[in-house]
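Labels below follow one simple rule: chain letters A, B, ... track the order of the sequence lines, proteins then strands, and each chain is numbered from 1.
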Amino acid sequence: MADPRFYTAKGPFSLAVIAEASGARVGTEPDAARMVADVAPLDRAGPDDLSFLDNKKYVAAFRASRAGASFVHPQFAHQAPAGMALLLSDKPYRSYALAAALFYGDDPAASVRAATAVIDPTARIGAAVSIGHHAVIGPGAEIGARARIGANVTIGRGVVLGEDCVVGAAVSLAYCIIGARTRILAGARIGEDGFGHALDATGHVKVPQLGRVIIGEDVEIGANATIDRGAGPDTVIGDGCKIDNLVQIGHNVQLGRGCILVSQTGISGSTRLGNFVIIGGQGGVAGHLTIGDGARVGAQGGVLKDIPAGASVSGTPAIPVQEWLRGHYLLRRLVGKKDR
Amino acid sequence: MADPRFYTAKGPFSLAVIAEASGARVGTEPDAARMVADVAPLDRAGPDDLSFLDNKKYVAAFRASRAGASFVHPQFAHQAPAGMALLLSDKPYRSYALAAALFYGDDPAASVRAATAVIDPTARIGAAVSIGHHAVIGPGAEIGARARIGANVTIGRGVVLGEDCVVGAAVSLAYCIIGARTRILAGARIGEDGFGHALDATGHVKVPQLGRVIIGEDVEIGANATIDRGAGPDTVIGDGCKIDNLVQIGHNVQLGRGCILVSQTGISGSTRLGNFVIIGGQGGVAGHLTIGDGARVGAQGGVLKDIPAGASVSGTPAIPVQEWLRGHYLLRRLVGKKDR
Amino acid sequence: MADPRFYTAKGPFSLAVIAEASGARVGTEPDAARMVADVAPLDRAGPDDLSFLDNKKYVAAFRASRAGASFVHPQFAHQAPAGMALLLSDKPYRSYALAAALFYGDDPAASVRAATAVIDPTARIGAAVSIGHHAVIGPGAEIGARARIGANVTIGRGVVLGEDCVVGAAVSLAYCIIGARTRILAGARIGEDGFGHALDATGHVKVPQLGRVIIGEDVEIGANATIDRGAGPDTVIGDGCKIDNLVQIGHNVQLGRGCILVSQTGISGSTRLGNFVIIGGQGGVAGHLTIGDGARVGAQGGVLKDIPAGASVSGTPAIPVQEWLRGHYLLRRLVGKKDR
């Protein structure tokens, strides 16, 4: 059970309701009315809890679990212990995530607008918006319905925030338009000046950055991440991208849909990523490159040229991952050591 | 045209005025009185817009542009389409940057001191300073004329901020003295404790950090970047340095003039950089080293020893860039692959 | 002498008092009553200052110093100049750190609770707590005695902060329990959502993160660092860990006691570090790994598998440091260059 100092579960819910919300189906008809009160991992769940089996490594834990109910792929259903109700799903982890959101999701009914927030009279605030203490919302900003804005947030002139967005503490948003259901974690900086200077031995001259940042729907942006606007085309983050903490996205970068950028990754100016690109932690991509759909860059990889769709690269300069590993092992052999 | 939700152009201006502000000269005398209303890239500019040609790759776009006027190097002037007014400059991009600042620069006349800002009575605030909502300015701080301080900023005791500085939202400044016209983007942390501990198996002991951070004029410090003060000599950032987002500068580091540190670079304690050093994204320099004037460190390079002036290095440990590339290609040949 | 705009020394103190506070002993009995007014490095110290010799490289400076008193290891005591009082210590740097804290440590008597701070009526605030302007403290939070909370800080529902903790400007704390004497520097983000998504080509689904972050005593967390909570077990930071600026610690990570993570390091989800592990700047550790007690990872090293206790590794993938260096030098020889 989650620590009640921090979390309040909303249940109980019947398995029928949970199945509906999570894209699963109840294993046997009589179980549809069965109630569960919380979610828990297999080894800690009790008779009132809902759990999940997502990885065959945990089949033994599944067989031994005391969980009252569990998501499971149909192929493992026969391994269930007696008395466990089943919610059958082709994607048990996805179903579990949706069920957990049912128990622990935000409650838009509890919207509060803090008295200490400063909201410009020309800003337009949607219905049931929550605004934290000392938040500042500038002229002409538009905040979509049910958005939740944390304490000490700064939202600049003209910013558009979509419906059901969540903005964490101390975030700043400027020169940006953000789609629905996007979550921006604490301390992220959206729309700051791109790193554009006319370099000159007599003194570098700043190039005014007159573009915008356009962020799609269902995006997550991690804590203390930074996404710059540029002087040229807009910086664009496609729908469903998940961007981890401390990631840097340079000016005029364009990300397609569903990209995953793990923590501390950096994307240099004007580079374009296709859809569903994955970049491991501390990866980097140089400027003005094109990374194809579904490409993968290993952790700490440094991409210095275009990467075709579907390729998997690692190292600096990044090369196909198998080749990179062969080089690593060859060098180890040459110096007389084996991989231990 | 920049999105009017976010930007307001100040023009129109005559080409004579623009030439004066940008270090250019008007191509033909009759054009001096011609007016332009905005800046725009070659492919989007219309008859009222000012554009620029800076790279010979764009000569075709220049020839086809509908821009009313354009900055151009004299050697490409003959390529201009009929009717385009020319502003001749040896540094067209620099001139464009200065012109764009004329159209979109800050307006110091519009200074506002938010009622919710908390300003210690012993702080000295210059003329025409803007202070955002919920900013906090501590005892004895000195804020230069026309400085603009964003919302939710924290300025500690004794901090000195020069004239015309810009401090973004949620920045914190402590134990620092900052020169004129320096810009500090949102969330940057200046003057926090250096990472100084007396390491000890019975428990590491913090060493009080009693120094300062001294930042020059015309510096830019990126979003969520961190510059620490130390226990020993001051941490010093020279005039005109441009420091990108999420860069870390350790305690007692000294940077000369005009250094460029690209995003997510880290400089360890007590290292000294000369003038006009350039470090690519995610580069790192170990502590107590000396990097000579004009040296360059490639992206993700890791510098573990001193680098002479003018050298260009890459890799970890960083070595001369050509040698690093030869090693990379040799290893690829040895494992039987060519660069694709 | 530290800049009085920023620092106020609390002395003078007698050497007897200082010896008591710093685990040293006065060299000769008559010196016990001698007073010193400040701390200073050997080359800048005068007759009223206390200095230290910690490294035999500085013996010459020690011999030439005008310092009135100095910490010194007994083996170098005979090198002291005439008239210098000695404080003998087996760990002179540690003793100096403790002495400097005596002169410049925080003064809990000067606690102030800013009128603009917003403190939920259900929060419990200990004795002599300082709270900065525009700080926000949520429902049910518990703040230990003598804690000092900076300006623009956001502390969420239920957070527990131990006695004598220091929380810098603009920090946000959520879903966390923090031990005594821990220091959290400006802009750090504790307890944000772990990067947990059920990846899916039809749209990644966020997994609710229902865990906590548990931080021990005497920890330091650097500016703009991020420590996530997860969906599974708590994220745990052991007593005495020192975590530098811009470090990322993923969800469900566990650190033992006394670990040192230098700036911009990243630890991926569910990895466990033993006690006194040291990771150099920009180092990375992949997820679900185990790093043994006392292991060391070099700067920019990328750890992709478990590391045994006491091992020292570098490179990506990280291998024993000597082997990594041999590979580096071998490759340089093969391309016909020597290390310069």
Side-chain angles (χ1 to χ4, degrees), chain A residues 2-7 39 41 91 93-98 100-101 103-105 114 116 132-134 150-152 168-170 183 185-187 218 220 222-224 239-240 242 244-246 258 260 262-264 276 280-282 299-300 314-316 325 328 331-332 334-337 339-340, chain C residues 116 118 134 136 138 140 152-154 156-160 170-172 174-175 187-189 191-193 195-201 203-208 210-212 224-226 228 231-232 246 248 250 264 266 268 282 284 286 300 302 304 315-317 319-320 323 326-327 330-331 334:
Chain A
D3 186 333
R5 279 179 289 196
F6 300 119
Y7 303 98
V39 292
K91 299 171 177 176
Y93 191 50
R94 185 177 193 276
S95 292
Y96 168 78
L98 293 166
F103 282 95
Y104 290 100
T116 58
H133 280 289
H134 302 133
N152 291 310
R183 298 171 62 91
L185 303 186
D218 299 302
E220 182 166 306
N224 284 347
D239 291 344
K242 307 298 180 185
D244 202 353
N245 296 348
L246 295 168
I260 303 279
V262 180
S263 182
Q264 297 174 318
F276 294 97
Q282 300 179 332
Q300 295 187 333
S314 276
T316 307
L325 283 172
H328 171 73
L331 198 54
R332 298 194 75 184
L334 291 176
V335 298
K337 292 280 177 182
D339 188 40
R340 289 164 300 200
Chain C
T116 59
V118 175
H134 302 135
V136 178
N152 292 309
V153 164
T154 304
R157 164 185 171 184
V159 166
V160 178
V171 163
S172 56
Y175 306 99
R189 311 289 160 206
E192 292 295 296
D193 291 36
F195 197 61
H197 306 277
L199 300 189
D200 194 306
H204 313 309
V205 175
K206 181 172 186 68
V207 179
L210 303 172
R212 309 173 298 181
N224 284 348
T226 57
D228 284 353
L246 295 168
Q248 150 73 0
Q264 297 174 318
S268 300
Q282 301 179 332
Q300 296 187 333
L304 301 184
T316 308
I319 57 177
E323 190 180 346
R326 281 199 300 271
L330 173 63
L331 196 56
L334 292 175

For this session: Decide yes or no on salt bridge (Lys or Arg N to Asp or Glu O under 4.0 Å) for C/D193 and A/R183, but give the supporting numbers first.
Result: CA-CA 10 Å; C/D193 291 36; A/R183 298 171 62 91; 3.1 Å; yes
Problem set entry | chain C contact via A/Y7 - side chain, backbone, both or neither, heavy atoms under 4.5 Å |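 Both backbone and side chain.
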Polar side-chain atom of [X] near backbone of [Y] as donor-acceptor pair, under 3.5 Å:
X      : Y      : value
A/H133 : C/V136 : no
A/Y96  : C/V207 : no
A/Q264 : C/L246 : yes
C/R157 : A/R5   : yes
A/N224 : C/N224 : yes

I'd like to check [X] versus [Y] (side-chain heavy atoms, cut-off strictly below 4.5 Å). Are they in contact?
X      : Y      : result
A/Y93  : C/L199 : no
A/D244 : C/Q248 : yes
A/H328 : C/I319 : yes

Exercise. C/V171 versus chain A, heavy atoms under 4.5 Å apart: side chain, backbone, both or neither?
Worked result: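 For C/V171, neither part sits under 4.5 Å from chain A.
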Of the listed residues ([options]), which shares the most heavy-atom pairs with chain A below a 4.5 Å separation?
options                        : value
C/G156, C/A286, C/G140, C/A201 : C/A201
C/T116, C/T154, C/L331         : C/T154
C/A188, C/P317, C/A225, C/G327 : C/P317

Atom pair [atom1] ([X]) and [atom2] ([Y]), whose distance is rounded to the nearest 0.5 Å:
X      : Y      : atom1 : atom2 : answer
A/H134 : C/H134 : NE2   : NE2   : 5.0 Å
C/R326 : A/R332 : CZ    : CZ    : 10.0 Å
C/T226 : A/L185 : OG1   : CG    : 10.0 Å

Max heavy-atom pair count under 4.5 Å with chain C, selected residue of [options]:
options                        : value
A/A186, A/A101, A/A170         : A/A186
A/G315, A/G132, A/A151, A/A114 : A/A151
A/G280, A/G258, A/G105         : A/G258
A/A2, A/P4, A/A97, A/A223      : A/A97
A/G187, A/G281, A/G240         : A/G187

Problem set entry | Whether A/F276 and C/H204 hold their rings parallel, tilted or perpendicular, with breakpoints at 30° and 60° |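 Taking C/H204 first and then A/F276, their aromatic rings stand perpendicular (interplane angle over 60°).
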Problem set entry | Distance-minimising heavy-atom pair for A/E220 and C/F195 |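 Result for this residue pair: OE2-CD1, 4.4 Å.
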Exercise. What's the shortest heavy-atom distance between C/N152 and A/N152, and which atoms?
Worked result: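 Closest approach of C/N152 to A/N152, heavy atoms only: O-ND2, 3.3 Å.
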Problem set entry | Worked check of side chain to side chain contact (heavy atoms under 4.5 Å, CB included) between A/V39 and C/L210 | CA-CA 10 Å; A/V39 292; C/L210 303 172; 4.0 Å; yes
